[in-house]
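Worksheet: the structure to be examined is printed underneath.
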Amino acid sequence: MTTQATSEITAAAPVAAPARPQGPSVHMRALITWLAIFPLVSIGMLLLGPIMEPWHPVLRALVLTAFVVPTAVYFVVPRLFAGHGALSRKAVERSARRAARKSA
C-alpha cells in the first residue's frame with residue numbers, strides 16, 4: 001500500500017464513536033423475562049383457573065403456557081427490553097456529559 005492510500009484511510013476513519021450501552025447481562029435478561037412471565041401467569045390463573053379447575057394439572061399447565069409464552073415472547077419481553085435499552089442509553093449519555101464537564 002502506498003503512503004497516499006494509507007493517509008486517505010487514516011483520514012477517513014472516525015475520530016471517536018459515541019459510547020454505546022452494553023446489552024443486558026444474563027441476570028438482567030432473567031429479571032426482565034420474569035417481570036414479563038409472572039404477571040401473565042397470575043392473570044392467566046385468575047381468568048382461566050375457575051374454568052380449568054376440574055382438569056388434570058398437566059392439561060392446565062399446557063393451556064396456561066400456550067397462552068403465556070407467546071404473549072411474553074412476542075409482545076411483553078420486547079417492550080421491556082426496549083425500555084431497558086432506552087434507560088441504558090440515557091445513563092450512558094448522562095455519564096458522557098459528566099465526564100465531559102469534568103475534563104472541561
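Predicted model, so just to flag it, every value in this text is computed and none were measured. Note that the numbering runs from 1 along the sequence shown for the chain.
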**Study point:** Hphob cluster co-occupancy, V68 + L46, side-chain heavy atoms under 4.5 angstrom
**Key:** no

Point to revise | Shortest non-hydrogen separation from Y74 to R79 and the atoms involved | key: O-NH1, 4.2 Å

Point to revise | Same apolar cluster (I L V M F W Y, side chains within < 4.5 Å links), L64/L35 | key: yes

Check your understanding: Under a single-linkage definition using a 4.5 Å side-chain heavy-atom cutoff for Ile, Leu, Val, Met, Phe, Trp and Tyr, are L80 and L87 assigned to the same hydrophobic cluster?
Key -> no

Exercise for review: Decide side-chain contact (heavy atoms from CB on, under 4.5 Å) for S42 and M45; before the verdict, give the C-alpha distance in whole Å, the side-chain angles of both, and the deciding distance to 0.1 Å.
Suggested key: CA-CA 5 Å; S42 299; M45 287 175 61; 5.9 Å; no

Review point. Of all heavy-atom pairs between P78 and A72, which one has the smallest distance, and what is that distance?
Key: CD-O, 3.7 Å

Exercise for review: Consider only side-chain heavy atoms of I, L, V, M, F, W and Y, link residues closer than 4.5 Å, and tell whether F38 and M28 are in one cluster.
Suggested key: yes

Check your understanding: Rounded to the nearest 0.5 Å, how far apart are CZ of R97 and NZ of K102?
Key -> 14.5 Å

Point to revise | Considering all heavy atoms, the nearest M52-R60 contact | key: O-CD, 3.1 Å

Check your understanding: What pair of heavy atoms forms the shortest contact from I51 to L47, and how long is it?
Key -> CD1-O, 4.0 Å

Exercise for review: Indicate the atoms forming the closest heavy-atom contact of F67 with G44, along with that distance.
Suggested key: CE2-CA, 4.3 Å

Exercise for review: Establish whether V26 and W34 are linked, either directly or via other cluster members, by ILVMFWY side-chain heavy-atom contacts under 4.5 Å.
Suggested key: no

Exercise for review: Find the distance between OG1 (T71) and CD1 (I37) and round it off to the nearest 0.5 Å.
Suggested key: 9.0 Å

